[in-house]
A.B. asks: 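Below is one structure. I have some questions about it.
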Amino acid sequence: MKNAKLPRTRPSVFSSTNNHSNPLVSSNQIFLPKPLEYNESLSYRSTVTWSTSLSSTLQQYINSDTPFGGQSIHTRIIKSGFIPNTNISIKLLILYLKCGALNYARQMFDELPQRTLSAYNYMISGNLRHGLVQESLGFVRRLVLSGERPDGYTFSMILKASTSCRSNVVLLPRRLGRMVHAQIVKCDVEPDDVLYTALVDSYVKNGMVGYARTVFDMMLEKNVVCSTSMISGYMSQGFVEDAEEIFSKTMEKDIVVYNAMIEGYSKSIETAKKALEVYVDMQRFNFLPNISTFASVIGACSVLAEFEFGQQVQSQLMKTELFKNVKMGSALVDMYAKCGRIEDAQRVFDHMPEKNVFTWTSMIDGYGKNGNPDEALELFLRMQECHVQPNYVTFLGALSACGHAGLVAKGHEIFESMERDYSMKPKMEHYACMVDLLGRAGSLEQALKFIQQIPGKPNSDVWAALLSSSRLHEDVEMANIAANEIFKLNANDRPGAYVSLSNTLAAAGKWNNVSELREGMKLRGILKDTGYSWVGRDS
DNA sequence: CTAGGGTTAG
């Protein structure tokens, strides 16, 4: 297969799709000039004319919104036996990239007489834009091996590739960002705004806001794009005031930067009210909310349980075409459910033309949390009847519904069906849910036994579930076991475990033990005399 | 040919 040549006459790249029925495509083909017919007997001069004509026709297809029709030009070239020059080959390559016909683009690339830096960059960009990160990085590799030196375009795409994928695709992206940064310096590439922004974003996406800020400060003029990255970075680390400072200094605001603020604010209950303010504010400046705006502001309403504001947002959403969107519907269902407005959630749910696993999960979880676990489990069944595959969050919702209803046997059944029927390996969260289920029902011994048979090391969530059940049932001995396991595990969870344990002791009237515990915690440095401070910045 | 934003749990 590796050495397979292009067919003399190609099958349509889009034979599987319906593009020929797209009226835009056909009308486009009428308006575009047809290249001259190639004739073997034409003079050299005519050949040049034909090439020029082909080249400009291809360019028009590339520039159009409907590049698909351009493939017919390639077919005609092949049929005529004409050997296209490099210019035309590159244009065909760009055309195929734009169409998403990446295998054809690759073949055009491989057949080029010489591969220039820009040809590499086209391949890197095209593959990246169609989500093929591995392929894209493969061309980076080939570029480096060819001895050609990458330029600013290449570097910004490498950074984008490393941030647009999950860590297992590129090894250690956290370090990769640093390495690329070093290579940029080494290759003597003078970064422009775009490359600076890509660097800022790469540091931001890896949680290194300190480095991001350093690069950000190196830019003489901060544009709205890099400010947005910086804002998202600060927001994701909880540095709200730093984000606000950048936002206030951003002169030419656009919808994306507004959305970044709304999204950042919506993450915590303390700031979510500001998310609503920005949402109102941006509309005063005539920015119409788009799909991201709606998603974030609906999220803010969920956090605040502000269903009345949510209703207004919904009515604005209804005026757009976005109300049909599954993500929007799911966000609304979730919002109403989180606000305790389960009948509103159900109404949105019923009117949705299309539902996905997110929609079902939100609804199931909503019923579970609003004191109707039976309905939750009923929905869980109906979802499976509708052939929607539950995911691991759905199982958490179903299991916690069982926990709230005290349906221990049912919980076990669902837990077992997870692996048996869906080949999904339970995660620690599911084990924690089961411990909660058993513990809540008062079977603390059984919960402990369950923990002991968990494959792998139980984390502090699992022990915390046992601890809170112990507290619920005032089982001091079990609370001690659970809290001690947490003390051994995660420093961040110690204060919480301490509070829970000392409450259990207090509830059982064991005041001596409470003060003993307090002294012991101080000695071990888990409890400080003054308040806690575990807020730290990176770098 | 290069840069920024969006749904589900605890």
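As the structure is a prediction and not an experimental result, all values here were calculated from the model. To find a chain, count down the sequence lines: A is the first, B the second, and so on, and within it residues start at 1. Both backbone and side-chain heavy atoms feed into the values below; hydrogens, waters and symmetry mates do not.
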A.B. asks: NA contact type, A:Tyr120, heavy-atom cut-off 4.0 Å: base, sugar-phosphate, or nothing?
C.D. replies: nothing

A.B. asks: Establish, yes or no, whether a centroid distance under 6.0 Å links the rings of A:Tyr203 and A:His181.
C.D. replies: yes

A.B. asks: Can you tell me how far CE of A:Met208 sits from CD of A:Gln237, rounded to the nearest 0.5 angstrom?
C.D. replies: 11.0 Å

A.B. asks: Which of these nucleotides, B:dG5, B:dC1, B:dA9, is closest to any side-chain atom of A:Asn121?
C.D. replies: B:dC1

A.B. asks: Nearest to the A:Phe358 side chain among B:dT7, B:dG5, B:dA9, which nucleotide is it?
C.D. replies: B:dT7

A.B. asks: Is there a donor and acceptor pair, one atom on the side chain of A:Asn223 and one on the base of B:dG4, closer than 3.5 Å?
C.D. replies: no

A.B. asks: Ignoring hydrogens and geometry beyond distance, is the side chain of A:Asn259 in donor-acceptor contact with the base of B:dG4 at under 3.5 Å?
C.D. replies: no

A.B. asks: With heavy atoms under 4.0 Å as the rule, sort A:Val204 into base, sugar-phosphate or nothing.
C.D. replies: nothing

A.B. asks: Please state whether the base of B:dG4 and the side chain of A:Thr228 form at least one donor-acceptor pair under 3.5 Å?
C.D. replies: yes

A.B. asks: Does B:dG4 have OP1 or OP2 under 4.0 Å away from a side-chain N or O of A:Lys160?
C.D. replies: yes

A.B. asks: Of the options B:dT8, B:dC1, B:dT7, whose atoms approach the side-chain atoms of A:Lys327 most closely?
C.D. replies: B:dT7

A.B. asks: Of the listed nucleotides (B:dA9, B:dT2, B:dT7), which one gets closest to any side-chain atom of A:Glu429?
C.D. replies: B:dA9

A.B. asks: Of all the nucleotides listed (B:dT8, B:dA3, B:dG5), which has the minimum atom distance to the side chain of A:Ala198?
C.D. replies: B:dA3

A.B. asks: Choosing from B:dT8, B:dA3, B:dT7, which nucleotide comes nearest the side chain of A:Asp334?
C.D. replies: B:dT8

A.B. asks: Looking at A:Glu263 and A:Lys267, does any basic side-chain N land under 4.0 Å from a carboxylate oxygen?
C.D. replies: yes

A.B. asks: Using a heavy-atom cut-off of 4.0 Å across all strands, would you classify A:Ser362 as base, sugar-phosphate, or nothing?
C.D. replies: sugar-phosphate

A.B. asks: Closest approach to the side chain of A:Val224, judged atom by atom: which nucleotide of B:dG5, B:dG4, B:dT7 is it?
C.D. replies: B:dG4

A.B. asks: Is it true that A:Glu245 and A:Lys249 make a salt bridge, defined as a side-chain N closer than 4.0 Å to a carboxylate O?
C.D. replies: yes

A.B. asks: Students often get this wrong, so: under 4.0 angstrom with heavy atoms, is A:Ser125 touching a base, only sugar-phosphate, or nothing?
C.D. replies: sugar-phosphate

A.B. asks: Less than 4.0 Å between a side-chain N and a carboxylate O, is that true for A:Glu135 and A:Arg106?
C.D. replies: yes

A.B. asks: Can a salt bridge be assigned to the pair A:Lys98 and A:Asp65 using a cut-off of 4.0 Å between side-chain N and carboxylate O?
C.D. replies: no

A.B. asks: Decide yes or no, distance alone: a donor-acceptor N/O pair under 3.5 angstrom between the base of B:dT2 and the side-chain of A:Ser156.
C.D. replies: yes

A.B. asks: Quick one: which of B:dT2, B:dA3, B:dT7 gets closest to the side chain of A:Val225?
C.D. replies: B:dA3

A.B. asks: Can you name the side chain to side chain contact (heavy atoms under 4.5 Å, CB included) partners of A:Val280, sequence neighbours left out?
C.D. replies: A:Phe309

A.B. asks: Let me know the distance between CE of A:Met157 and P of B:dG4, rounded to the nearest Å.
C.D. replies: 13 Å

A.B. asks: Looking at the side chain of A:Ser229, which of B:dC1, B:dG4, B:dG5 is the nearest nucleotide?
C.D. replies: B:dG4

A.B. asks: Between A:Phe247 (CZ) and B:dG4 (P), how many Å, whole number?
C.D. replies: 19 Å

A.B. asks: Report which part of the nucleic acid A:Lys222 touches: base, sugar-phosphate, or nothing (heavy-atom distance under 4.0 Å, all strands).
C.D. replies: nothing

A.B. asks: Who are the side chain to side chain contact (heavy atoms under 4.5 Å, CB included) partners of A:Asp151, not counting sequence neighbours?
C.D. replies: A:Leu117, A:Asn121, A:Tyr153, A:Thr154

A.B. asks: Mark this stacking check for A:Tyr153 against B:dT2 as yes or no, applying ring centres under 5.5 Å and ring planes under 30°.
C.D. replies: no

A.B. asks: Could you state the NZ-P distance from A:Lys267 to B:dG5, rounded to the nearest angstrom?
C.D. replies: 13 Å

A.B. asks: Strictly below 4.0 Å, N to O, side chains only: are A:Glu244 and A:Lys274 in salt-bridge contact?
C.D. replies: yes

A.B. asks: Taking DNA chain B as the partner, which of residues 458-470 of chain A come within under 4.0 angstrom of it by heavy atom?
C.D. replies: none

A.B. asks: Looking only at side-chain N and O atoms, does A:Arg129 come under 4.0 Å of OP1 or OP2 in B:dC1?
C.D. replies: no

A.B. asks: What's A:Asp151 touching, base or sugar-phosphate or nothing? Going by heavy atoms closer than 4.0 Å.
C.D. replies: nothing

A.B. asks: Could you check how far NZ of A:Lys355 sits from P of B:dT8, rounded to whole Å?
C.D. replies: 19 Å

A.B. asks: Separation of A:Lys98 atom NZ from B:dC1 atom P, in whole Å?
C.D. replies: 9 Å

A.B. asks: Just wondering, are more than 12 heavy atoms of other shown residues or ligands nearer than 6.0 Å to CG in A:Leu220?
C.D. replies: no

A.B. asks: Return the value, rounded to whole Å, for the distance between atom CG of A:Leu195 and atom P of B:dC1.
C.D. replies: 17 Å

A.B. asks: Without decimals, in angstroms, what is the distance between A:Asn391 CG and B:dT8 P?
C.D. replies: 12 Å

A.B. asks: Separation of A:Trp360 atom CH2 from B:dT8 atom P, in whole Å?
C.D. replies: 19 Å

A.B. asks: At under 4.0 Å, does any side-chain N or O of A:Lys427 touch on OP1 or OP2 of B:dA9?
C.D. replies: no

A.B. asks: Between B:dT2, B:dG5, B:dA9, which one does the side chain of A:Asn290 approach most closely?
C.D. replies: B:dG5

